[in-house]
Structures are given as C-alpha cells and as structure tokens.
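The next block holds one structure in the form of structure tokens; read it before the comments.
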Amino acid sequence: MEHIIEELRWRGLIHQTTDEEGLTRLLSEKMCTVYIGFDPTSDSLHVGNLVALMVLRRFQRAGHRPIAVVGGATGMIGDPSGKSEERNLLSPETIADNIAGIEPQLRRFLDFRCGGNSALLLNNYDWMGKFGYLEFLRDVGKHFPVNVMLAKESVRNRLERADGGMSYTEFSYMLLQAYDFVYLHDHYDCQIQAGGSDQWGNITAGIDLARRLRGVQLYGITCPLLTRADGSKMGKTESGAVWLSPHKTSPYQFYQYWINVDDADVGKCLKYLTDLDRAQIEQLLQEHGSNPQQRIAQRRLATELTRLVHGEAGLQIAQQATQIFFGGEIGQLTGEQIEAIFADVPSTQLPRSLLDPPGLPVVDALLAVGLVKSKSEARRLISQGGAYVNNRMVASQDATLGQEDLLAGAAVVLRAGKKNYALLRLA
RNA sequence: GGGGGGUUUCCCGAGUGGUCAAAGGGGUCAGACUGUAAAUCUGAUGGCUCUGCCUUCACAGGUUCGAAUCCUGUACCCCCCA
C-alpha cells in the first residue's frame with residue numbers, strides 16, 4: 001500500500017500541508033484520526049464537496065479513521081472564507097433540515113462499520129451549543145490575537161473591498177472552527193484536519209489554538225478546488241450547481257455532467273474523484289487519447305461517480321436514460337423505469353379516452369405538453385422532421401396517437417428536436 | 001409655453017395608399033455536419049377548422065373600393081427654442 005501522502009500527492013490532492021514531514025511520519029506510525037467539516041448551508045452536498053469527501057474516503061481506505069463534522073454550530077455563524085459578502089444567517093430549523101439531508105450523503109462515502117477505523121459523523125453543535133459566551137471568550141477568545149486574525153486572508157480580503165466590512169459574528173467564525181479541532185483532539189484523538197484550500201486559515205487557527213491550550217502539535221492539509229482547465233469552478237451548469245441529492249439533480253443529469261467533462265479536465269477528475277488506482281487511470285487516459293470520440297474516460301468517470309453517489313440502481317437509470325435520450329429505442333420499460341428515467345421531463349396528464357379512435361392528433365399532443373406554443377409551430381416542427389413519438393420520427397402532420405402508442409400502458413414520450421422531451425400521461 | 005421628430009411582428013430596424021403577415025440583421029427553433037463541444041451550412045420563425053381564412057404595424061376614431069402607410073384626437077419618448 002502506497003503511503004497516503006504519496007497517494008494524495010500523485011493525485012494532485014495536496015495543496016498545502018502544515019508540516020509534511022511530520023505528517024508523513026505520523027501517518028505511517030499509527031492509525032490517525034482525520035477530520036473535515038461540512039457546512040450545512042443547503043440540504044444537499046454538491047459536486048464542489050466531492051474532493052473533500054473523497055479525501056476522507058482515501059484516508060479511511062489507507063487505514064485511518066475519518067470524522068465528518070457537520071457544522072450545526074458553525075453553520076449558524078457562517079464561514080466568511082472565500083465569500084465576498086456578509087452572509088445571511090440561516091434559521092436553526094433550516095440548519096437542522098440541511099443536516100438531515102447531508103448526513104445520508106456523507107454515509108455513502110465512508111464506512112461506519114469496519115472496526116477500529118470506522119468513520120464518525122459528528123455535529124459540532126453538540127459541543128458548541130452548550131458553550132456559554134463568557135466561558136468561550138475566556139477559554140478560547142483569549143488565545144486569539146486580533147492582529148493575527150486580521151492578517152488571515154478570509155478577513156483581509158473582505159476588509160480591503162471598497163464595499164467591504166464584516167460583522168463581528170463572521171469575524172469570530174474562525175474561533176469556532178479552531179475550537180472544533182481542539183475538541184476533536186481532546187475527545188477523539190484527532191490530529192489532522194483536512195479541507196479545501198479556502199480552509200487554510202481556519203485550519204491553522206485550530207492548530208495554533210491547540211498548541212496554546214494543550215501544548216500539542218496538530219496537522220493540517222488542504223486540497224485544491226476542483227477547477228476546469230480555464231480556471232472556472234467545476235460543478236456549475238447554466239441551471240445552477242450540480243447536487244448530490246437526486247431530488248435536486250437527477251442521477252441522469254449527474255451522470256451527464258460527468259460525461260460532458262472536457263478532455264482537458266477528465267484526467268484530473270479521475271484522479272481527484274474516483275477510487276481507480278494509478279495504473280487504471282493511466283491506462284484509461286491512454287485508451288482515451290487514442291480514441292477520444294468514444295469518451296472512454298468520461299464514461300468511466302461518470303459511471304464511477306454515479307454509482308458512488310446514487311448507487312447501482314441510480315446508475316442503471318442514468319444509463320438507460322442516456323441511451324434513450326440519445327436516440328435509442330424506447331423498448332419495454334416498466335412504469336417504474338419510465339417514472340425514474342423521465343423524472344426530469346415535464347409531464348402533462350390527459351384523459352385516456354382521447355386515444356380512442358380516431359385518436360389524438362400529434363399536433364394537439366405537442367401543444368398540450370408545451371413542447372410548442374401553437375399548432376402552427378407543431379406542424380412546422382413535424383414538417384422539418386423534428387417531432388418524435390416514443391423516439392420515432394413523426395412522418396405526417398396528420399399523425400395521431402392511439403392506444404398502441406402507450407408505454408407501459410400509461411404514457412407517451414414526445415420529443416421536439418434533439419433533446420426536448422415531454423411525457424404525456426394518459427389516465 | 002412654442003417648434004420639430006418618433007412609437008412596426010421576441011429585439012434592432014426597413015417600409016409613406018393596393019404586389020405587406022410586412023425587407024434585412026440579431027435571437028430562437030428545426031435539419032445537416034460533429035465526439036452529447038465549438039464553428040459552419042440549410043430551412044423555419046402571428047394564429048387557425050391551412051392551397052384558404054382570421055388577427056397584427058402605440059391607442060381610439062375617420063377618409064378610401066382598399067391604410068403599417070393619409071387625416072383627427074389620446075398616451076408615451078426624443079430633439080430644438082424660451
């Protein structure tokens with residue numbers, strides 16, 4: 001087994017470490033406990049969190065114990081790191097809901113039942129919540145020189161902005177996260193904190209605090225952000241972030257996001273985000289390079305990640321949907337499969353009796369599901385060869401739908417152009 | 001307060017009595033090409049009970065066989081003079 005640090009290094013996952021030599025030694029001496037915090041700012045994690053999730057997973061696979069901390073307490077304050085403006089406070093109820101959404105997602109990446117290095121899932125509200133303000137100021141605040149805090153990038157950036165400034169609340173955020181590290185050290189023997197590169201300031205604050213309070217040496221490691229070759233952040237589409245929750249981003253959309261990753265970025269994604277080892281990735285990239293149009297690397301990336309995030313069943317649906325949405329025959333699908341595959345597609349319900357002879361004109365059906373704005377537009381579409389029923393081109397403007405067009409006895413798939421789908425349910 | 005110019009279909013913009021559902025461009029949609037990319041090319045782009053019919057050119061009224069185009073009034077916008 002390769003040393004975890006070497007592994008992370010070849011994958012490009014090390015942005016900075018506080019003491020690489022010491023860290024490497026520590027990690028080879030014994031089972032270590034590593035923690036990463038996750039902000040409950042939404043009810044789902046997103047693609048931007050994947051790097052951190054995979055880093056924890058890698059630590060666990062290398063025999064160490066991962067702790068995922070959800071920020072029930074810190075989320076109430078708001079981490080100013082990387083944010084250009086003061087954030088709105090989330091209500092305690094929202095945070096509780098968000099944590100409930102995030103927890104099961106974290107569980108997919110880590111093993112919670114594997115003996116000594118089983119993962120832990122903790123909520124920092126459990127220890128921060130009962131801290132009194134005066135105690136906190138005396139026990140924690142006293143150890144933070146304001147001049148050092150002011151020098152932190154997360155603070156400085158904000159203060160330098162013309163429209164800048166930040167509240168005392170956000171200013172004190174780093175004390176909370178710093179204390180988390182100390183707490184985890186005290187109670188779980190946690191010596192390492194990992195995080196995105198924007199967490200450097202918060203991590204080092206924790207290390208400093210531990211040194212002052214306990215006289216111990218803790219370690220920090222940050223990972224690069226997942227960016228594209230052009231420098232933009234990954235995980236964003238025109239329609240917003242790519243989420244891990246199937247309710248916010250369907251398995252199909254998730255799968256497609258990775259299929260569409262640029263050639264220039266696919267190697268990095270494989271290294272950052274999959275369990276594939278070095279030999280596998282290198283071979284994959286080589287195969288891909290000699291035959292890029294097949295998108296071998298992207299397919300594998302999408303497969304690995306969709307399976308990890310949505311499970312085998314989610315992957316199946318995503319792949320079936322891909323086949324269908326890219327011209328494949330809509331074969332014998334069950335009603336359930338149709339529901340899952342067309343989950344993203346707008347649907348309209350009409351009475352089933354419309355399919356009785358003489359049938360429902362396709363023109364009317366296209367209008368009813370909203371694929372066209374008028375019947376004229378529908379006729380135009382058909383005459384240009386852009387209208388499809390169950391993925392078969394509609395040949396005539398006079399075509400009608402009958403009972404025989406029903407899929408699984410319940411629905412008809414209509415399509416305008418290459419990728420505009422709508423589901424017509426007949427009940 | 002006086003004088004002049006303007007308001008066109010999703011946007012810009014032509015059109016000054018019939019050949020106008022209205023040039024051209026943009027956008028959008030479809031097709032071809034392609035690696036589910038970009039670019040390019042082709043076609044379409046008010047509605048309908050569609051070889052025809054109906055409704056659109058700021059709004060209301062009028063002239064005329066016939067108006068986006070002429071006249072009157074109303075609203076809004078721009079410019080010049082005081």
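So you know, we letter chains A, B, ... as the sequences are listed, proteins then strands, and number each from 1. Source: prediction; values computed, not measured.
- Judged as a side-chain hydrogen bond (donor to acceptor under 3.5 Å, both in side chains), the pairs with a partner in residues 98-116 of chain A (not counting sequence neighbours) are, in order, A/S44-A/Q105.
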Are there any protein N/O atoms within less than 3.5 Å of an N/O atom in nucleotides 20-22 of chain B, and if so, which ones and at what distance?
none

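- With sequence neighbours excluded, no residue forms a ring-ring contact (aromatic ring centres under 6.0 Å, His included) with A/H64.
- Sorted by first and then second residue, the salt bridge (charged side-chain N to carboxylate O under 4.0 Å, His left out) pairs involving residues 345-364 of chain A (not counting sequence neighbours) are A/D364-A/K375.
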When you compare the protein's N or O atoms with those of nucleotides 31-34 of chain B, which come within less than 3.5 Å of each other, and at what distance?
residue, atom, partner, partner atom, Å
B/rA32, OP2, A/K418, NZ, 3.4

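- A/Y421 pairs by the ring-ring contact (aromatic ring centres under 6.0 Å, His included) definition with A/F325, not counting sequence neighbours.
- Mapping A/K373 and A/R380 onto RNA chain B by nearest heavy atom places A/R380 closer to the 5' end of the strand.
- Residues satisfying the ring-ring contact (aromatic ring centres under 6.0 Å, His included) criterion with A/Y183, sequence neighbours excluded, are A/W127, A/H187.
- Using a 4.0 Å heavy-atom criterion, one finds that A/S376 contacts the bases of the nucleic acid, with or without backbone contacts as well.
- Checked against salt bridge (Lys or Arg N to Asp or Glu O under 4.0 Å), A/R425 has the following partners two or more places apart in sequence or in another chain: A/E339.
- Under the salt bridge (Lys or Arg N to Asp or Glu O under 4.0 Å) criterion, A/R380 pairs with no residue, sequence neighbours left out.
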Protein-nucleic acid N or O pairs under 3.5 Å, nucleotides 35-42 of chain B:
residue, atom, partner, partner atom, Å
B/rG35, O2', A/R295, NH2, 3.2
B/rG35, O6, A/D263, OD2, 3.3
B/rG35, N1, A/D263, OD1, 3.4
B/rG35, N1, A/D263, OD2, 2.7
B/rG35, N2, A/D263, OD1, 2.8
B/rU36, O2', A/N260, OD1, 2.7
B/rU36, O2, A/Q256, OE1, 2.7
B/rU36, N3, A/Q256, OE1, 2.7
B/rU36, N3, A/Q256, NE2, 3.3
B/rU36, O4, A/Q256, NE2, 3.4

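- A/Y219 is linked by a ring-ring contact (aromatic ring centres under 6.0 Å, His included) to nothing, counting only residues two or more places apart in sequence or in another chain.
- Aromatic ring orientation, A/F171 versus A/Y168: tilted (interplanar angle from 30° to 60°).
- For the salt bridge (Lys or Arg N to Asp or Glu O under 4.0 Å) test, no residue two or more places apart in sequence or in another chain qualifies with A/R65.
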